[in-house]
Amino acid sequence: MFEGRRTGTIGAIKTQKYIINQFHTLNVLPFVENYKQSFSFIHKRNLYKADNVLGLIKGTEFPKKHIVISAHYDHEGIKNGVIYNGADDNASGLSALFSFAEYFMKYPPKHSVILAAFDAEELGLEGSKYFVNNTMISRNDIVLNLNMDMISRSNKNELYAVGTSFSKKLEYVLQHFDGPKSIKLLTGHDGFDGLENWTYSSDHASFHKKGIPFLYFGVEDHKDYHEPTDDYENIQPEFYIEAVKTIISVFERMDDSKF
């Protein structure tokens, strides 16, 4: 149905409508008119028209300070007649945005939250770049980015939180994190531990370049990464559920902080 969600395709447009419908159902306000932030860019000499889908949950105590919770919804599309569904990359992160929205219906956040479904991550982080350069609020009023990209499977039962090396506050919160113990929440992959550096690997990079603190949640690459076999049958539901619970628990700690 969604045809791999390639930026600018019918599948992407269908995905945008699906996200907006979910936001409506979950009482998420539009952050921009009709939820859609439209933009265009050139990639490999091709002009693309794209849309970020942006929702808003108003904070109860610090409504002018915003935490951006993000996940890209685009993927590889159709190649040689084969659909790349991108179940882990990144339908998993996008679906977690809906879990956050459902959570906020019962437990409103203290800080305002922008739920950002970014387009064109696969084409050079274009959606998040556009967002940070064209947001209607002051950059100083974006206090944190929590980005989710590939969070639904891990044979090692490991979820990484990247970004603590750039913020003493985030480092402290993760060091003292006492959330769910059903999966291993690890820090690293930020360029200082000999592991592959993920600092610029997804949309959190756009925030980092603007000096905005970030935590990127993701798993190690697997054999289906950017392959047509990244299908829903290969996600691990028990791990995925616990990963989302863990990320929400980290958000709770951050939302209790003052920035």
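Keep in mind it's a predicted model, so treat the numbers as computed, not measured.
- Within the structure, every pair that satisfies the ring-ring contact (aromatic ring centres under 6.0 Å, His included) test and touches residues 217-239, not counting sequence neighbours, is listed here: H75-H226.
- Here the side chain of H111 pairs a donor or acceptor atom with the backbone of D255 at under 3.5 angstrom.
- Not one N or O on the side chain of S112 forms a donor-acceptor pair closer than 3.5 Å with the backbone of K58.
- Summarising the local packing, CD of E238 is surrounded by 12 or fewer heavy atoms from other residues, nucleotides or ligands at distances under 6.0 Å.
- Here D119 does not pair with R5 in a salt bridge; the nearest charged N to carboxylate O distance is not below 4.0 Å.
- Atom NZ of K79 has more than 12 heavy atoms from other residues, nucleotides or ligands within 6.0 Å.
- You'll find the side chain of K245 reaches within 4.5 Å of the side chain of I241, heavy atoms only.
- Residue E102 places its CD atom among 12 or fewer non-hydrogen atoms of other residues, nucleotides or ligands, all under 6.0 Å distant.
- Contact of the D89 side chain with the D149 side chain is registered, since non-hydrogen atoms from C-beta on lie closer than 4.5 Å.
- The number of heavy-atom neighbours closer than 6.0 Å to CG of N155, taken from other residues, nucleotides and ligands shown, is 12 or below.
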Under 3.5 Å, which donor-acceptor pairs link side chains of residues 10-20 to any protein atom two or more places apart or in another chain?
{"from": "T15", "atom 1": "OG1", "to": "G11", "atom 2": "O", "distance (Å)": "2.7"}
{"from": "Q16", "atom 1": "OE1", "to": "K36", "atom 2": "NZ", "distance (Å)": "3.4"}
{"from": "Q16", "atom 1": "NE2", "to": "Y73", "atom 2": "OH", "distance (Å)": "3.1"}

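- In this structure, CG on L144 lies 8.5 Å from CD1 on I69, to the nearest 0.5 angstrom.
- Atom CG of L123 and atom CG of N46 lie 9.5 Å apart (nearest 0.5 Å).
- We find the CG-CD distance between N85 and E227 to be 13.0 Å, quoted to the nearest 0.5 Å.
- Using cut-offs of 30° and 60° on the angle between ring planes, the pair F23 and F98 is perpendicular.
- A salt bridge does not link R6 to D74: none of the charged side-chain nitrogens sits closer than 4.0 Å to a carboxylate oxygen.
- The shortest distance between side-chain heavy atoms of N145 and S70 falls below 4.5 Å.
- For the pair N52 (side chain) and G127 (backbone), a donor-acceptor distance under 3.5 Å is present.
- A donor-acceptor contact shorter than 3.5 Å links the side chain of N234 to the backbone of T229.
- Within the 4.5 Å cutoff, the side chain of I247 has heavy atoms near those of the I151 side chain.
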> Going through the checks in order, is the side chain to side chain donor-acceptor pair (under 3.5 Å) test met by E252 and Y103?
Replying inline: CA-CA 11 Å; E252 290 175 333; Y103 173 80; 2.3 Å; yes

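- Between the CG atom in D203 and the NZ atom in K129 there is a gap of 10.0 Å [rounded to 0.5 Å].
- With N197 contributing its side chain and T199 its backbone, the two residues share a donor-acceptor pair below 3.5 Å.
- Using a 4.5 Å heavy-atom threshold, the side chains of P213 and F207 count as separate.
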>> Go through it in stages, so that I can follow the logic: the residues are F214 and H204, the test is ring pair (Phe, Tyr, Trp, His ring centres under 6.0 Å), and I'd like the CA-CA distance, side-chain angles, deciding distance and then a yes or no.
In response: CA-CA 6 Å; F214 74 91; H204 54 279; 5.0 Å; yes

> Going through the checks in order, is the ring pair (Phe, Tyr, Trp, His ring centres under 6.0 Å) test met by F104 and F251?
Replying inline: CA-CA 11 Å; F104 291 143; F251 168 83; 5.3 Å; yes

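- Residues satisfying the ring pair (Phe, Tyr, Trp, His ring centres under 6.0 Å) criterion with Y160, sequence neighbours excluded, are H189, W198.
- Once rounded to the nearest 0.5 Å, the distance linking CD of E61 with NZ of K258 reads 8.5 Å.
- Ring-plane geometry between F31 and F131 is classed as tilted, the angle between the planes lying from 30 to 60 degrees on a 0 to 90 degree scale.
- Evaluation of the salt bridge (charged side-chain N to carboxylate O under 4.0 Å, His left out) rule for E171 yields K168 as partners, not counting sequence neighbours.
- Residue pairs satisfying the side chain to side chain donor-acceptor pair (under 3.5 Å) criterion with at least one member in residues 172-183, sequence neighbours excluded, are listed as follows: D178-R253, S182-E242.
- The closest side-chain heavy-atom distance from S154 to E220 is not below 4.5 Å.
- When atom types are taken as modelled, the side chain of N80 and the backbone of V82 share no donor-acceptor pair closer than 3.5 angstrom.
- Two residues are said to be in side-chain contact when any heavy atoms from C-beta on lie closer than 4.5 Å; M254 and L170 meet this criterion.
- Put simply, the side chain of N90 gets close to the backbone of G93: a donor and an acceptor are under 3.5 Å apart.
- You'll find the side chain of T246 stays beyond 4.5 Å of the side chain of S249, heavy atoms only.
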Expected list for residues 135-143: side-chain donor-acceptor pairs under 3.5 angstrom, two or more places apart:
{"from": "S138", "atom 1": "OG", "to": "N140", "atom 2": "N", "distance (Å)": "3.1"}
{"from": "D141", "atom 1": "OD1", "to": "K65", "atom 2": "NZ", "distance (Å)": "3.3"}

